[in-house]
*Asks:* 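Got a structure here, written out as structure tokens. Questions coming.
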Amino acid sequence: LKERSEGDYEKRRSNVDRLHAMVRAIRACPCPVIAAVEGGAAGAGAALALSCDLVYGAEDAYFSVAYVRIGITPDGGTTHFMNEAIPRWLLAELAFTGDKIPLSRLYQLGAVNAITPKGDAVSTALQMAKRLAEGPRGAIAQTKKLISSGRQASLDEQLDDEAHQVAEALGSPDGKEGISAFLEKRKAVFNQG
């Protein structure tokens, strides 16, 4: 950070833009992206974890919006993702003070999917990744898009988009397999291609 602070605006900005390109790639990825947090996720680490679709963390983990402690402002979409996850007043306190928030508090607020024993966050995240990989990839990818668009779209726009996606999915090989498996009371075997 010291080296970056001594560069001109364009150099300082380009470093932040690289982080933002990673965040954009996570959000644009058609597959679910899963974070596993052990220890602390501070600054850009917190932003990257919160940019993921699912977050699993160890019981002793914490998040920190620590930027203010060194006289700078948040980046990496921290203010966007935290605004989705927690009340504005709590975000203000965290961003203004740089204090840590225990993962357990974020779990209570619905911003974390599960708390694991210390050392188990990665294995829990990998178990979920395996489960999702066995699912209908097309439906999961479209659902990720619907979840994302649902925050900005009007109800009518979202209903139209959902209707379109359901109609498409019903005619897909995975949709047909899922319906057949349900009716035959067996586990679906989705196309993994």
Side-chain angles (χ1 to χ4, degrees), residues 19-39 41 45-59 61 63 76-78 80-86 103-193:
L19 168 64
H20 290 183
M22 285 191 296
V23 170
R24 286 183 176 103
I26 289 169
R27 297 308 318 137
C29 180
C31 299
V33 180
I34 304 170
V37 181
E38 293 279 354
L48 287 171
L50 290 172
S51 70
C52 294
D53 300 295
L54 301 169
V55 180
Y56 297 93
E59 59 197 356
F63 279 54
T78 301
H80 175 83
F81 297 122
M82 285 285 210
N83 262 309
E84 289 182 337
I86 65 176
L103 200 78
S104 59
R105 178 95 187 268
L106 290 172
Y107 175 77
Q108 291 167 349
L109 293 166
V112 171
N113 295 88
I115 298 175
T116 71
K118 186 176 179 179
D120 286 352
V122 172
S123 63
T124 301
L126 288 171
Q127 287 171 2
M128 178 56 76
K130 183 176 187 269
R131 179 179 172 193
L132 295 176
E134 293 171 354
R137 292 181 183 178
I140 290 172
Q142 292 307 316
T143 299
K144 180 174 175 172
K145 287 181 182 178
L146 287 168
I147 290 169
S148 182
S149 67
R151 292 203 170 271
Q152 294 88 25
S154 70
L155 176 59
D156 284 338
E157 291 168 330
Q158 194 69 8
L159 289 172
D160 285 343
D161 199 8
E162 287 179 357
H164 170 71
Q165 294 304 334
V166 168
E168 288 286 325
L170 282 168
S172 74
D174 279 346
K176 291 176 182 177
E177 166 59 14
I179 292 165
S180 292
F182 176 78
L183 293 173
E184 295 167 12
K185 297 182 178 23
R186 63 174 172 80
K187 183 179 179 182
V189 179
F190 295 108
N191 180 359
Q192 298 302 309

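Just the heavy atoms: all of them, side chains too, but no hydrogens, waters or symmetry mates, feed the values below. Numbers here are sequence positions counted from 1.
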*Asks:* To the nearest 0.5 Å, what is the distance between CG on L54 and CG on N113?
*Replies:*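 Going from CG on L54 over to CG on N113, the span is 4.5 Å.
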
*Asks:* What is the minimum heavy-atom distance between A47 and T78, and which atoms define it?
*Replies:*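 Here A47 and T78 meet closest at CB-OG1, 3.2 Å.
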
*Asks:* Hey, could you give me each pair passing side chain to side chain donor-acceptor pair (under 3.5 Å) that has a residue in residues 115-131? Not counting sequence neighbours.
*Replies:*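 For residues 115-131, and leaving out neighbouring residues, the side chain to side chain donor-acceptor pair (under 3.5 Å) pairs sorted by first residue read K130-E134.
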
*Asks:* Who pairs with A181 by side chain to side chain contact (heavy atoms under 4.5 Å, CB included), at least two apart in sequence or on another chain?
*Replies:*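 Applying side chain to side chain contact (heavy atoms under 4.5 Å, CB included) to A181 gives E177, R186, A188.
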
*Asks:* Taking C-beta and beyond as the side chain, do M128 and Y56 meet within less than 4.5 Å on heavy atoms?
*Replies:*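 In short, these two side chains touch, coming nearer than 4.5 Å.
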
*Asks:* Run the salt bridge (charged side-chain N to carboxylate O under 4.0 Å, His left out) test against E157 and tell me which residues pass, sequence neighbours left out.
*Replies:*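 Not a single residue meets the salt bridge (charged side-chain N to carboxylate O under 4.0 Å, His left out) criterion with E157.
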
*Asks:* How close do D174 and G138 get, heavy atom to heavy atom, and via which atoms?
*Replies:*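 Heavy-atom minimum between the residues: OD2-N, 4.4 Å.
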
*Asks:* Mind checking side chain to side chain contact (heavy atoms under 4.5 Å, CB included) for C29 and listing every partner two or more places apart, or none if nothing turns up?
*Replies:*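 By the side chain to side chain contact (heavy atoms under 4.5 Å, CB included) rule, C29 matches C31, V33, K144.
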
*Asks:* Could you state the interatomic distance from CD1 (I147) to CD (Q158), rounded to the nearest 0.5 Å?
*Replies:*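 It comes to 10.0 Å.
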
*Asks:* Listing request: all salt bridge (charged side-chain N to carboxylate O under 4.0 Å, His left out) pairs with a residue in residues 103-115, at least two apart in sequence or in separate chains.
*Replies:*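 Qualifying pairs, neighbours excluded: none.
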
*Asks:* Between V122 and E38, which heavy-atom pair has the shortest distance, and what is it?
*Replies:*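 For V122 and E38, the tightest heavy-atom pair comes out as N-OE2, 4.3 Å.
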
*Asks:* Sequence neighbours excluded, which residues qualify as side chain to side chain contact (heavy atoms under 4.5 Å, CB included) partners of Y107?
*Replies:*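 In terms of side chain to side chain contact (heavy atoms under 4.5 Å, CB included), with neighbours along the sequence ignored, Y107 is linked to V112, I115.
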
*Asks:* Keeping to residues at least two apart or across chains, list the side chain to side chain donor-acceptor pair (under 3.5 Å) pairs with something in residues 162-172.
*Replies:*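 Residue pairs passing side chain to side chain donor-acceptor pair (under 3.5 Å), neighbours aside: Q142-Q165.
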
*Asks:* Measuring only between side-chain heavy atoms, which start at C-beta, is L170 closer than 4.5 Å to I179?
*Replies:*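 Result yes, sub-4.5 Å side-chain heavy-atom pair found.
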
*Asks:* Not counting sequence neighbours, which residues clear salt bridge (charged side-chain N to carboxylate O under 4.0 Å, His left out) with E59? List them please.
*Replies:*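 Checked E59 against salt bridge (charged side-chain N to carboxylate O under 4.0 Å, His left out); zero matches.
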
*Asks:* The criterion is side-chain hydrogen bond (donor to acceptor under 3.5 Å, both in side chains); which residues satisfy it with S104, sequence neighbours excluded?
*Replies:*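 With neighbours one apart ignored, the set is empty.
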
*Asks:* What are the two closest non-hydrogen atoms of A111 and A85, and how far apart are they?
*Replies:*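 Reported closest heavy-atom pair: CB-CB, 3.5 Å.
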
*Asks:* Locate the shortest heavy-atom distance separating F63 from L50; write the atom from each residue and the value.
*Replies:*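 Scanning both residues, the minimum pair turns out to be CE2-CG, 3.6 Å.
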
*Asks:* Can you tell me if R27 uses its side chain to pair, donor with acceptor, with the backbone of S51 under 3.5 Å?
*Replies:*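 Yes; judged by distance alone, with no hydrogens or angles, the pair exists.
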
*Asks:* With N83, which residues qualify under side chain to side chain contact (heavy atoms under 4.5 Å, CB included), at least two apart?
*Replies:*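 Here the qualifying residues are R88, L91.
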
*Asks:* Test of understanding: with salt bridge (charged side-chain N to carboxylate O under 4.0 Å, His left out), list the residues that count as partners of R24, not counting sequence neighbours.
*Replies:*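 With neighbours one apart ignored, the set is empty.
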
*Asks:* As a quick check of understanding, evaluate side-chain contact (heavy atoms from CB on, under 4.5 Å) for D53 and I26, giving each step before the final call.
*Replies:* CA-CA 9 Å; D53 300 295; I26 289 169; 5.6 Å; no

*Asks:* Could you report the tightest heavy-atom contact between A58 and G119, atom names first, then the distance?
*Replies:*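 Closest heavy-atom pair between A58 and G119: CB-N, 4.3 Å.
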
*Asks:* Could you pull out all residues at least two apart from H20 that satisfy side-chain hydrogen bond (donor to acceptor under 3.5 Å, both in side chains)?
*Replies:*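 Checked H20 against side-chain hydrogen bond (donor to acceptor under 3.5 Å, both in side chains); zero matches.
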
